[in-house]
Amino acid sequence: MAARQKHETPLHRFYLSLLDAYGPQGWWPLLGHDGVNPTKTGSITGYHPGEYAFPRNAAERFEICAGAVLTQNTAWPNVEKALRNLAASKALNPERILELPEPDLATLIRPSGYHNTKARKLKELASFSLRSKGQAPSREALLDVWGIGPETADSIRLYAYGQLEMVVDAYTRKIFERLAWVPAPASYEALKQHCVLNLPAEVTVYQEFHALIVEHAKRLKASRIEDWSIPAAR
DNA sequence: AACCAGGACGTGA
DNA sequence: TCACGTCATGGT
């Protein structure tokens with residue numbers, strides 16, 4: 001078997017320093033109940049830092065899957081608006097999504113951008129969701145769904161189903177290439193492999209890692225720091 | 001007022 | 001495989 005993270009690696013040290021500096025991120029965010037969930041900033045509620053017993057039911061699980069699709073190339077606050085619109089119309093579930101005419105669905109999720117495309121994607125997700133009824137879907141099965149690519153598939157497996165599946169994204173690529181941890185241009189799979197080989201194989205680590213990368217990238221942009229290997233202040 | 005967000009798909013080299 | 005255009009609203 002492959003020796004994974006036998007010794008502490010630069011990536012592992014990086015992860016530990018991010019966790020120490022930023023704290024647990026409480027991903028995947030869910031819609032707050034009456035807007036009173038513990039929160040990070042602004043109106044963004046639904047994070048549950050340090051709590052890992054999520055999702056707690058089928059509704060939360062589907063909410064995560066829907067959010068994973070809606071957040072494609074889109075800032076989270078916009079996704080949250082779309083999710084709220086769906087919830088307000090009692091349509092944040094596969095049954096209603098399949099019943100709704102696609103144009104109506106598109107109108108509800110309009111704030112998340114690409115609303116026509118994503119309306120179709122949500123319908124594909126909904127029928128898949130009913131088809132695979134609660135059991136954790138394989139990565140291949142997810143990739144067969146129109147509108148679900150590598151990152152969305154991995155996000156669904158890691159955050160909605162608690163599977164040991166690493167998620168990487170554009171931020172990960174930027175940071176890893178900048179620190180020369182991977183040769184550029186790095187493929188999605190290459191980035192993923194670098195993480196898997198250098199981090200402890202634990203679901204909570206994977207969940208925090210991806211969330212911390214996103215947080216780190218946002219702070220880098222805000223503070224314009226030059227050393228990307230260390231945590232940044234907001 | 002550009003620029004870019006927690007990507008994925010379709011197409012043509 | 002890989003590069004490139006397309007999809008679209010909203011925040012900074």
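As the structure is a computational prediction, the values presented were derived from the model and not from experiment. Chain letters run A, B, ... following the sequence lines, proteins first, then strands; residues in each count from 1.
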Visitor: Report the relative orientation of the aromatic rings in A:Phe176 and A:His194; use parallel for angles under 30°, tilted for 30 to 60°, perpendicular for over 60°.
Guide: perpendicular
Visitor: Less than 4.5 Å apart, any side-chain heavy atom of A:Ile156 and any of A:Ile64?
Guide: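 Not touching, per the 4.5 Å side-chain cut-off.
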Visitor: To the side chain of A:Glu151, which of B:dG7, B:dA5, C:dG11 is closest?
Guide: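 Of the options given, the side chain of A:Glu151 lies nearest B:dG7.
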Visitor: Between A:His216 and A:Tyr171, is the ring centre distance below 6.0 Å?
Guide: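 No, the ring centres sit 6.0 Å or more apart.
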Visitor: Would you list the protein and nucleotides 2-6 of chain C atom pairs, both N or O, that sit under 3.5 Å from each other?
Guide:
none

Visitor: With a 4.0 Å cut-off on N to O distance, would you call A:Glu215 and A:Arg234 a salt bridge?
Guide: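 Looking at A:Arg234 together with A:Glu215, the answer is yes, because their closest N to O distance falls below 4.0 Å.
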Visitor: Grab the CZ-P distance between A:Arg173 and B:dG7 for me, whole Å please.
Guide: 10 Å
Visitor: Once you round it to whole Å, what is the distance between C1' of B:dC4 and CG of A:Asp169?
Guide: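 Nearest whole value for this atom pair: 14 Å.
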Visitor: Nearest to the side chain of A:Lys174, heavy atoms from C-beta on, is which of B:dA5, C:dA8, C:dG10?
Guide: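 Closest of the options to the side chain of A:Lys174: B:dA5.
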Visitor: Contact between A:His12 and A:Pro200 at the side-chain level, heavy atoms closer than 4.5 Å - yes or no?
Guide: yes
Visitor: When we call it a touch if two heavy atoms are under 4.0 Å apart, what does A:Ala170 touch: a base, just sugar-phosphate, or nothing?
Guide: sugar-phosphate
Visitor: Should A:Asn73 be listed as having a side-chain N or O under 4.0 Å from OP1 or OP2 of C:dC7?
Guide: no
Visitor: Does anything in residues 177-206 of chain A pair up under salt bridge (charged side-chain N to carboxylate O under 4.0 Å, His left out), and if so which pairs, sequence neighbours excluded?
Guide: A:Arg139-A:Glu189, A:Asp154-A:Lys192, A:Glu165-A:Lys192
Visitor: How many whole angstroms separate atom NZ of A:Lys118 from atom P of B:dA5?
Guide: 14 Å
Visitor: Mind listing the closest non-hydrogen atom pair of A:Phe62 and A:Leu92 along with its distance?
Guide: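 Taking A:Phe62 first and A:Leu92 second, the nearest heavy atoms are CD2-O, 3.7 Å.
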Visitor: Round to a whole Å and report the spacing from NZ of A:Lys218 to C1' of B:dC4.
Guide: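 Computing the A:Lys218:NZ to B:dC4:C1' distance gives 13 Å.
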Visitor: Taking the same atom, C1', in C:dA8 and in B:dA2, what whole-Å distance lies between them?
Guide: 16 Å
Visitor: Given atom CD1 of A:Ile109 and atom P of B:dA5, what is their separation to the nearest angstrom?
Guide: 21 Å
Visitor: Is the shortest side-chain heavy-atom distance between A:Leu98 and A:Leu130 below 4.5 Å?
Guide: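 They are in contact (side-chain heavy atoms under 4.5 Å apart), so the answer is yes.
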Visitor: Please confirm whether the shortest side-chain N or O distance from A:Lys81 to OP1 or OP2 of C:dG11 is below 4.0 Å.
Guide: yes
Visitor: Please pick, from C:dG10, C:dT9, C:dC7, the nucleotide with the shortest atom-to-atom distance to any side-chain atom of A:Tyr114.
Guide: C:dC7
Visitor: Over how many whole Å does the gap from A:Trp76 atom CH2 to C:dT9 atom C1' extend?
Guide: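 Checked: the CH2 to C1' distance equals 16 Å.
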Visitor: Starting from P on B:dA5, measure out to CZ on A:Arg110 and report it in whole angstrom.
Guide: 23 Å
Visitor: Mind checking the OG-CH2 spacing from A:Ser229 to A:Trp181? Nearest 0.5 Å is all I need.
Guide: 6.5 Å
Visitor: Just the rounded figure in Å: distance from P of B:dA8 to CD1 of A:Ile156.
Guide: 10 Å
Visitor: Establish, with yes or no, whether the OP1 or OP2 oxygen of C:dA8 is under 4.0 angstrom from a side-chain nitrogen or oxygen of A:Thr117.
Guide: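 Checking A:Thr117 against C:dA8: at least one side-chain N or O falls below 4.0 Å of OP1 or OP2.
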Visitor: Any protein N or O atoms within reach of nucleotides 9-11 of chain B? Criterion: under 3.5 Å, listing atom names and distances.
Guide:
residue : atom : partner  : partner atom : Å
B:dC9   : OP1  : A:Gly147 : N            : 2.9
B:dC9   : O3'  : A:Trp146 : NE1          : 3.2
B:dG10  : OP1  : A:Trp146 : NE1          : 3.1

Visitor: Identify whether the distance between the nearest side-chain nitrogen and carboxylate oxygen of A:Glu124 and A:Lys121 falls below 4.0 Å.
Guide: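 So A:Glu124 does not pair with A:Lys121 through a salt bridge.
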Visitor: Checking contacts here: which listed nucleotide (B:dA8, C:dA8, C:dT9) is nearest the side-chain heavy atoms of A:Gln72?
Guide: B:dA8
Visitor: I want to check one thing: is the phosphate of B:dA5, taken as OP1 and OP2, less than 4.0 Å away from some side-chain N or O of A:Lys221?
Guide: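 Indeed, a polar side-chain atom of A:Lys221 lies that close.
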